[in-house]
Number of protein chains: 2
Amino acid sequence: MAAHKAQTTLSALKQAESRCNTRGTRLTEKRRQVLTGLLDSKKALSAYELTDYCRDHLGYQLPAMSVYRILEFLEGESLVHRLDLAKKYVACSHILCDHEHDLPQFLICKECYRVQEISIKRNLMQSLNRSVEEADFKLASQQLEFDCVCSDCYE
Amino acid sequence: MAAHKAQTTLSALKQAESRCNTRGTRLTEKRRQVLTGLLDSKKALSAYELTDYCRDHLGYQLPAMSVYRILEFLEGESLVHRLDLAKKYVACSHILCDHEHDLPQFLICKECYRVQEISIKRNLMQSLNRSVEEADFKLASQQLEFDCVCSDCYE
DNA sequence: ATCAAAAATGATACAACGTATCATTTAAGT
DNA sequence: ACTTAAATGATACGTTGTATCATTTTTGAT
Ligand SMILES: [Zn+2]
Ligand SMILES: [Zn+2]
Ligand SMILES: [Zn+2]
Ligand SMILES: [Zn+2]
């Protein structure tokens, strides 16, 4: 299993900047700061935790409304993923990769909110989809989220 | 696939009553009413929707706090499942079965909140658990919830 | 440089879900 | 009837998120 080289905050920011430039969008100062908060924390944070991050690390209170808008923007640029299950947001772990990644599945530690972005094998996803279809439902998205406990957190 | 005979509200209530008696707990009037609301609606409801149900169908306003406590009780009796993903609650579809059912997986229609309680095949769950373990995480529970669209709701 | 339009951010109010705490009512057991 | 425990009610608050309108900042053309 090809382990993914951890992305450093700095190089990820650089890559994020250039990706925005390419796409004709702007990675403004506040957007960069929110992304930095997510990258540095190495875990999923809520919008309100990000306002705290700004207050504590940057010395100003970024309004929650702005954080939500900024997260929405970053998600649109595929720099951040929104985790419905945890009601938190996490930096994409593939910012440094050029290629579009497949729809990811997220393993979310419910204790510490570390997040692992994995790609479930195609045939496993197929079986899952088949099971769902047998019940006359369809998965709303192939992007799945699983409530987990990470290795640091299980006793 | 052995189709599950749909449970009627009345017989489910009867069974719920006797299950509580057996376990030495009490299915009080309000608890019965909340369970009735869930059974009749045939879909997942939020706690607040259940207070509305009482106001509209029973003529009194059951406080949200009470609804939450009652739902907690009903969940403890395995009469109701709490759906984290949808932030709603649904009557167990196996109240009429005597046997303890396996940990279920829930397919939740994100449009209409119809819920299908399924049992994913053992080997599929094993593969899934293996995938998660490869990432050094563990599923927090084998009870999974999937965001879906039901057959009534897809265009 | 100036001005107008668009983009980004801020302020405020509110909605939905949920918990904590204490008071009151109801049922159970003696 | 009395005491105790269980169930319910009232109130306040916390967290996540949206709706709306105001203000600031950028951009682009003149
Ligand atoms: Zn990603
Ligand atoms: Zn953890
Ligand atoms: Zn069930
Ligand atoms: Zn539906």
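Chain letters run A, B, ... following the sequence lines, proteins first, then strands; residues in each count from 1. Values below: all heavy atoms of this structure, side chains included; hydrogens, waters and symmetry mates excluded.
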To the nearest Å, how far apart are A/I70 CD1 and D/dG17 C1'?
16 Å
To the nearest Å, how far apart are B/F73 CZ and C/dT26 P?
19 Å
Taking atom C1' of C/dA8 as reference, at what distance in whole Å does atom CG of A/L27 sit?
13 Å
Do A/K138 and A/E133 sit within salt-bridge range, that is, some charged N less than 4.0 Å from a carboxylate O?
no
Length of the CD-C1' vector between B/E72 and D/dA7, whole Å:
13 Å
Using a heavy-atom cut-off of under 4.0 Å over every strand shown, decide if B/R31 touches base, sugar-phosphate, or nothing.
sugar-phosphate
Below 4.0 Å: OP1/OP2 of D/dA7 and any side-chain N or O of B/T28:
no
In whole Å, what is the span from the NZ atom of B/K88 to the P atom of C/dG18?
9 Å
Please determine, by modelled atom types, if A/Y113 and A/E49 share a side-chain donor-acceptor pair under 3.5 angstrom.
no
Spacing of B/L71 atom CG relative to C/dC17 atom C1', expressed in whole Å:
12 Å
Any N or O donor-acceptor pair under 3.5 Å from the base of D/dG17 to the side chain of A/Y48?
yes
Need to verify one output field. Residue with the more 5' nearest nucleotide on DNA chain D, A/L83 or B/Q61?
B/Q61
Report the residue (B/Y68 or B/M65) whose heavy-atom-nearest nucleotide on DNA chain C is the more 5′ of the two.
B/Y68
In terms of side-chain geometry, is the basic nitrogen of B/K42 or B/D40 positioned less than 4.0 Å from the acidic oxygen of its partner?
no
Give a yes or no on whether a donor-acceptor pair under 3.5 Å exists between the nucleobase atoms of D/dG17, that is its base, and the side chain of A/R82.
no
With sugar-phosphate meaning primed atoms plus P, OP1 and OP2, does B/R69 contact a base, only sugar-phosphate, or nothing at under 4.0 Å between heavy atoms?
base
Sugar-phosphate, base or nothing in reach of A/Y60, heavy atoms under 4.0 Å:
nothing
Taking atom types as modelled, is there a side-chain donor on B/Q105 or B/S119 under 3.5 Å from an acceptor on the other?
no
Taking side-chain contact (heavy atoms from CB on, under 4.5 Å) as the criterion, tell me which of A/L35, A/L39, A/I70, A/V34 meets it with A/V80.
A/L35
Within less than 4.0 Å of OP1 or OP2 of D/dT25, is there a side-chain N or O belonging to A/R26?
no
Distance below 4.0 Å between A/Y89 side-chain N/O and D/dG17 OP1 or OP2:
yes
note: B/E49, atom CD; C/dC17, atom C1'; distance rounded to Å ~ 11 Å
Whole-Å distance, A/L50 CG to D/dT16 C1', equals 13 Å
So, does B/K30 get its side chain near the phosphate of D/dG9, meaning an N or O under 4.0 Å from OP1 or OP2?
yes
